[in-house]
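Have a look at this one.
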Amino acid sequence: MRGKPTTNVWRAGLQRGGIELRHLLRNGKEMSGHLTNVVVGLLIAAYAGDNVPGTLTPMAHPVLAGFAAYLLFQIGLINLPQMLVTEREEGTLLRLRATPGGIPAYLVAKCLLVVVVAVTTLALLLAAAALLVDGPLPHGPGDWLTLLWVTTFGLLAVVPLGAAIGAILPNPREALALIMLPTMGLLFTSGTVFPLTSLPVPVQHVAAVFPLKWMAQGLRSALLPDTARAAEAAGSWELPMVALVLAAWAALGFLLAVPLLRRAARRESGSRLSARHHKAAKSGALPG
């Protein structure tokens, strides 16, 4: 009997996630946004010249691996918080507050949605890059396994954290501005666009605290030949450290996400929702 509520939460979450996936597939604007990211990655790779310093690996290969990591990071830490804030403004959390197991099921649904979108986008990027710009692919079963677990750990590190951030952001109009600046900073300081060794040592130390640096390093280990590890800051892929850091961020995200979403739901009320809609209508963000 004790397991039944948990089973119901997972069932409700997976059902809700399936519905949201179908809605996403019918939303041309959302789909075009993800496809645009793939095109941007291909264009960046196409114009990356020369080889990685000290190796025979084309610079386009680590750039693609880094951009793939950033796509996973972006979907978890930019797209997901925006979705959560928007739905909170629409009254979704208010309705979930009265539903037994509503918040955990909602989080399961969002995780399913983000994981499917992220994995599909990653697969599309790697396949298109391999066909169009001679992009990298894993060379053997071990590399495919590394790609699988790094992607899994990376999503576990950012999806719950994105949910926690979405629970505390003020509104959709400010959410993007508050998230974009730090994430763009990490894009340029985590070795996803430029080799990490070309950045100042203090910047490398700061980047090593956050998951994007380790996601990119793990994906490079899966997609690049072993000789390319000579260009890494430590001279190796440091896969145990990749797993450790990503697991630590995953644990932190899970510890924060459900309590913060529950707190956000408790703070919701009909009067708060009406006041926000009235304010948005006055500012022109919603029709009056």
Answer with yes or no whether the hydrophobic clustering places Leu132 together with Leu35; edges join I, L, V, M, F, W, Y residues whose side-chain heavy atoms lie under 4.5 Å apart. yes
Sorted by chain and residue number, the salt bridge (Lys or Arg N to Asp or Glu O under 4.0 Å) partners of Glu232 (sequence neighbours excluded) come out as Arg220
Supply the atom-to-atom distance Leu137 CG to Trp144 CH2, rounded to the nearest 0.5 angstrom. 5.5 Å
Which residue pairs satisfy the ring pair (Phe, Tyr, Trp, His ring centres under 6.0 Å) criterion with at least one member in residues 61-87, sequence neighbours excluded? none
If you group Ile, Leu, Val, Met, Phe, Trp and Tyr by side-chain heavy-atom gaps below 4.5 Å, do Trp149 and Val245 land in one group? yes
Please answer: with hydrophobic residues joined when any side-chain heavy atoms are less than 4.5 Å apart, are Leu147 and Leu224 in the same cluster?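 In one cluster with Leu147: Leu224, yes.
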Are Phe188 and Leu199 close enough, and set up right, to give a side chain to side chain contact (heavy atoms under 4.5 Å, CB included), and what steps lead you there? CA-CA 9 Å; Phe188 289 102; Leu199 301 172; over 6 Å; no
Between Glu20 and Lys110, is there a donor-acceptor pair closer than 3.5 Å when you use the side chain of the first and the backbone of the second? no
Are Val201 and Val209 connected in the hydrophobic side-chain network, where two residues link if heavy atoms are under 4.5 Å apart?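 No, no single cluster joins them.
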Test Val206 against Thr189 for side chain to side chain contact (heavy atoms under 4.5 Å, CB included), laying out the working first. CA-CA 9 Å; Val206 172; Thr189 60; over 6 Å; no
Give, for atom CH2 of Trp249 and atom CG of Leu244, the distance between the pair rounded to the nearest 0.5 Å.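 Rounded to the nearest 0.5 Å, the CH2-CG separation comes out at 13.0 Å.
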Name the residue from Val242, Leu126, Val150 that meets the side-chain contact (heavy atoms from CB on, under 4.5 Å) definition with Leu219. Val150
In the structure I gave you, are the side-chain heavy atoms of Leu113 and Met83 within less than 4.5 Å of one another anywhere?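 Contact flag for Leu113/Met83 side chains = yes.
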Taking C-beta and beyond as the side chain, do Val38 and Leu42 meet within less than 4.5 Å on heavy atoms?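 Val38 vs Leu42: side chains touch.
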Are the side chains of Leu80 and Leu84 in contact, using a 4.5 Å heavy-atom criterion? yes
Between Ala129 and Leu64 the two heavy atoms that sit nearest each other are CB-CD1, 3.6 Å
For Asp226, which residues count as a side chain to side chain donor-acceptor pair (under 3.5 Å) partner, sequence neighbours excluded? Trp237
So if I apply the side chain to side chain donor-acceptor pair (under 3.5 Å) rule between Gln74 and each of Thr183, Asn79, Thr121, Asn37, which one comes out positive? Asn37
Can you name the nearest heavy-atom pair linking Ser190 to Leu196, along with the distance?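 Result for this residue pair: C-CD1, 3.8 Å.
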Which residue, Thr151, Ile75, Leu72, Leu155, forms the side-chain contact (heavy atoms from CB on, under 4.5 Å) with Val115? Leu155
Do Phe210 and Leu77 touch side chain to side chain, with heavy atoms closer than 4.5 Å? no
Taking Thr192 for the side chain and Leu187 for the main chain, is one N or O donor matched with an acceptor at less than 3.5 Å? yes
Report the distance from atom CG of Leu186 to atom CG of Leu181, rounding to the nearest 0.5 Å. 10.0 Å
Hey, quick one: are Phe153 and Leu239 part of the same hydrophobic cluster, counting side-chain heavy atoms closer than 4.5 Å, chains of contacts allowed? yes
Note, Thr36 side chain near Val40 side chain (heavy atom, < 4.5 Å):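 Yes; the side chains approach each other to less than 4.5 Å.
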How close do Leu169 and Pro81 get, counting heavy atoms only, and between which atoms?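 Looking at all heavy atoms of both residues, the shortest contact is CD1-CB, 4.0 Å.
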Just verifying a value: how many Å separate Glu238 CD and Arg229 CZ, rounded to the nearest 0.5 Å?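 Rounded to the nearest 0.5 Å, the CD-CZ separation comes to 11.5 Å.
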Is there a side-chain contact between Val108 and Trp10 in this structure, where contact means two heavy atoms from C-beta onward sitting under 4.5 Å apart?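 Counting from C-beta outward, Val108 and Trp10 do come under 4.5 Å.
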Closest non-hydrogen atoms of Thr146 and Ser221, given as atom of the first, atom of the second and distance, are CG2-OG, 3.4 Å
Grab the two heavy atoms, one from Ala68 and one from Leu122, that are nearest each other, plus how far apart they are. CB-CD1, 3.5 Å
Where do Gly154 and Leu246 come nearest, in terms of heavy atoms and distance?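 In terms of heavy atoms, the two residues are closest at N-CD1, 3.8 Å.
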Rounded to the nearest 0.5 Å, how far does CD of Gln82 lie from CE of Met180? 7.0 Å
